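Have a look at the structure below, then the notes.
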Amino acid sequence: MVTAGAARPRPRRRRAAFIAGPHVLLVPAAIALAAVSVYPLAYGIVASLRQYRYGLDMGFAGADNYLNVLQDATFLTALGTTAKYVVLCVLIETLLGLGLALLVNRQLVGTGLWRIGIILPMTVAPVVVGVMWRLIYASDIGIADPVLGLLGVHGVHVLGGESSAFLGVVLLDVWEWTPLMFLILLAGLQTIPQEPLEAAVMDGASALRVFFDHVLPMLRPVLFVAIVLRTIDALGTFDQVYVLTRGGPGVSTQLFSIYAYNTAFLFTQEGRAMAMVVLLLAAVLVLAGIAIRLVRLGPGTR
Amino acid sequence: MKRRSRRALIYLALVAAQVFALFPFWWMITTSLKHQVEIFGGLEFLPQAPTLDNFAALFDRYNFGPFLANSLLVVAFSVAGSLLLGTPAAYALTKLPTESWLQRQALIVVLLVRMLPAILLVIPFYLVLANYGLLNTRLGLILVYTGLNTGFVIWLMQSFLAEIPRDIEEAALVDGDSRLSALRRIVLPLAAPGLAATAIFSVINIYNDFLIALTMTSTPDAQTIPVGVSTLIGKIQIQWGPMAAAGVVGALPIIVFALIVQRHFVRGLTLGAVK
C-alpha cells in the first residue's frame with residue numbers, strides 16, 4: 001500500500017492500487033451480505049423440500065410441502081387477509097399522506113414543529129406501537145370503547161369482534177405509516193418548480209385543476225416509489241399484529257407472516273412454513289423488480 | 001375573508017392530525033405513571049398521584065436489566081461491525097466508473113437484501129443458527145444484524161459519499177496524497193455527518209427489530225428490549241402499568257435519536273431514492 005509519506009512518486013504502484021482498491025473493498029461486505037441472504041435463502045429452499053417434525057428433519061419430501069400449502073384453506077385465507085390489509089392500508093396512507101403533505105407544503109407558523117409531530121409515530125418500534133394501541137383498545141382500561149360509545153356505537157369491543165379487530169389493526173397501520181408517505185411525498189412536492197404552477201393560477205386555473213394538471217404528473221415518480229416501498233413493507237407486517245391480536249379473534253387478523261411464524265415456531269413444521277415463504281418471495285421479487293426499475297440507481301444519476 | 005377562513009381550516013386539519021398522531025404517546029406515558037387502582041378507576045388523562053412503581057417493577061420483576069444490557073451490547077457491536085464492512089464498500093462503489101455493470105449489479109443486490117421481509121429470513125436463520133449452536137446467544141444476534149445492516153449502510157453511505165465533489169479528492173491526489181490518505185484527510189471528514197446519520201439509523205433499525213430477536217432467543221440471556229416488552233403481553237392477566245412502562249422504555253431512546261436525524265429521514269427510509 002502506498003503511504004502518504006512516500007517521497008518518490010511511484011506511478012505504476014499507484015495505478016495498481018487504484019485499480020485493485022475499489023474492488024477489494026467490496027469483498028468483505030459482499031461475503032457478509034451473501035451470508036445473510038443467499039445462504040439462508042438457499043438453505044430455506046432446500047428446507048422447503050424436506051419434512052420437519054418437532055424441529056427434526058424427517059427426510060426428503062419433494063413438492064409435498066408446496067402441494068400441502070396450496071390446498072391449505074387457512075393459508076389461502078391468510079393470503080386474502082394480507083391482500084385486503086395491504087391494499088386498504090396503502091390506499092388510505094397514500095391519500096392521507098398526500099393530503100397532509102399538500103397542507104404542510106406552504107408558509108406555516110412553525111413549519112418544522114408540524115412535521116415533527118406528524119412523523120413521531122413511525123420512529124418508535126413496531127412492538128411499542130402494538131403496546132400503545134393495546135392500551136387504547138383494551139376492553140377494561142382502554143379508551144376506544146368509550147369513544148365509540150360517545151359516537152353511538154355501544155357494546156363493541158374493538159379487539160373482540162372479527163371485522164372490528166381487522167379495522168383496528170388497519171387503523172394502527174395507518175397511524176404508524178402515514179408519516180412515511182407524508183415525508184416522501186412532501187420531499188417530492190418540494191422539488192416541483194413553482195413557476196408553472198403560478199402561471200397556471202394567473203391564467204385562472206382552479207386549485208384542483210392545478211393539482212391534477214401540473215402537480216400530480218410531476219409527483220408521479222415519487223408517488224410510485226413510495227407506494228412500492230410501502231407495499232413491500234406492508235406485505236411483511238408482523239410485529240404490531242403479533243402484539244395486538246396474535247392473528248385473532250379467529251383468523252380475522254391472521255396475516256401471512258403470522259401464519260408462517262405459527263407454522264414454523266408453534267407447529268414446528270419448518271419445511272411447510274418455508275414453502276409458504278418461498279411463494280411469498282416470488283411475489284416480493286416481482287414487486288422489488290418494479291421498485292428497482294423505478295428507484296434511480298447509483299451515484300451521479302441524481 | 002374567504003382566504004382567512006381557508007387558512008383557519010388548514011390549521012384545524014393540522015391540529016387534528018397532531019392530536020391523532022400524539023394521543024397514543026400521551027395515553028401510554030400517563031398509564032405508565034399511574035397506580036394499578038387508578039388505571040382501572042376510569043378514564044383519567046392525567047395521573048392523579050404519579051408514581052414510578054411500574055418502572056421499578058420492570059427491573060425488579062420482569063428482567064428488564066438483562067434485556068437492556070443485551071440490547072445495548074447487540075446494537076453496539078452490530079452497528080460498529082456493519083459500518084466497518086459497509087462504509088469501505090460504499091466508498092468503492094462511488095469510485096467505480098459511474099453506471100458500470102458492477103456498480104449497478106452491486107446496488108441491485110444490496111437493495112434486494114434490504115427489501116426482503118424479515119419473515120422470509122427468520123426460518124432459515126433459525127435452522128442455520130441451530131446448526132452452529134448460536135440460538136439464544138448474543139453473538140448469534142450480532143452476526144445476523146451485522147450482515148443485514150451492512151446492505152443498509154452501503155446504500156445510505158454511497159448516497160452521502162456521492163455528494164462529495166470528486167474534484168476535491170482528485171486535487172489531493174494530484175498534490176501527492178495516496179488514495180488512502182486522501183480518504184482519511186479529505187473524504188471521511190466531509191462524510192462525517194452522513195456517517196453519523198447512517199450510524200443513528202442503524203441503531204434505530206437494530207434496536208427496534210422484533211421478529212429476528214423473537215425467533216432467535218428464548219431466555220433473558222439473550223432477549224432484547226422489544227422481545228422483553230412482548231413477554232409482558234403473553235401473560236394471562238396483563239399488567240397494564242408495567243406494560244405501558246415497558247413501552248416507554250422501548251420508545252424513549254429511539255425518539256431522541258430519531259429527532260436528531262429527522263432531517264435525513266426521507267433519505268434513510270427510501271435508501272436515497274428520494275431526498
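The figures that follow rest on heavy atoms only: side chains count, while hydrogens, waters and symmetry mates do not. Chain letters run A, B, ... following the sequence lines, proteins first, then strands; residues in each count from 1. What you are looking at is a predicted structure, and each value in this text was computed from that prediction instead of being measured.
Taking B/Leu85, B/Ile123, B/Thr87 one by one and counting their heavy-atom pairs under 4.5 Å with chain A, the maximum is reached by B/Ile123. Counting heavy-atom pairs closer than 4.5 Å to chain A, the top-ranked of the candidates B/Trp240, B/Phe23, B/Phe20 is B/Trp240. Contact tally against chain A (heavy-atom pairs below 4.5 Å) for B/Leu211, B/Ile154, B/Ile254, B/Val249: the top residue is B/Leu211. The most heavy-atom pairs under 4.5 Å with chain A, out of B/Val15, B/Leu214, B/Leu84, come from B/Leu214.
Taking all atoms of both residues into account, the shortest heavy-atom contact from B/Thr146 to B/Ser78 is OG1-CA, 3.4 Å.
When heavy atoms are compared at a cutoff of 4.5 Å, A/Phe265 approaches chain B solely by way of its side chain, counted from C-beta outward. With a 4.5 angstrom heavy-atom cutoff, A/Ala273 touches chain B via backbone and side-chain atoms both. For a residue to count as touching a neighbouring chain, one of its non-hydrogen atoms must lie under 4.5 Å from one of that chain's; by this rule B/Ala118 does not touch chain A. For a residue to count as touching a neighbouring chain, one of its non-hydrogen atoms must lie under 4.5 Å from one of that chain's; by this rule A/Ile141 touches chain B with backbone and side chain alike. If you measure heavy-atom distances from B/Val227 to chain A, you find no contacts under 4.5 Å at all. For B/Asn205, no part lies under 4.5 angstrom from a heavy atom of chain A. Using a 4.5 Å cut-off between heavy atoms, A/Pro146 contacts chain B through its side chain alone, with no backbone atom that close. Contacts of B/Pro124 with chain A are made by both backbone and side-chain atoms, with heavy-atom separations under 4.5 Å. Contact annotation for A/Ile31: neither backbone nor side-chain heavy atoms come within less than 4.5 Å of a heavy atom of chain B.
Between A/Asp239 and B/Asn208, the closest side-chain pair of non-hydrogen atoms is not below 4.5 Å. Side-chain contact check for A/Thr191 versus A/Val222: every heavy-atom pair is 4.5 Å or farther apart. Annotation: side chain of B/Tyr207 is in contact with side chain of B/Ser71 (closest heavy-atom distance under 4.5 Å). Between A/Ile136 and A/Trp175, every side-chain heavy-atom pair lies at or beyond the 4.5 Å cut-off.
By the neighbour-count criterion of 12 heavy atoms within 6.0 Å, atom OH of B/Tyr126 is sparsely surrounded, having that number or fewer from other residues, nucleotides or ligands. Within 6.0 Å of OH on B/Tyr11 lie more than 12 heavy atoms contributed by other residues, nucleotides or ligands. Within 6.0 Å of atom CZ in B/Phe25, more than 12 heavy atoms from other residues, nucleotides or ligands are found, so the atom counts as buried in its surroundings.
Of the possible donor and acceptor atoms, one in the side chain of B/Gln18 sits under 3.5 Å from a partner among the backbone N and O of A/Trp114.
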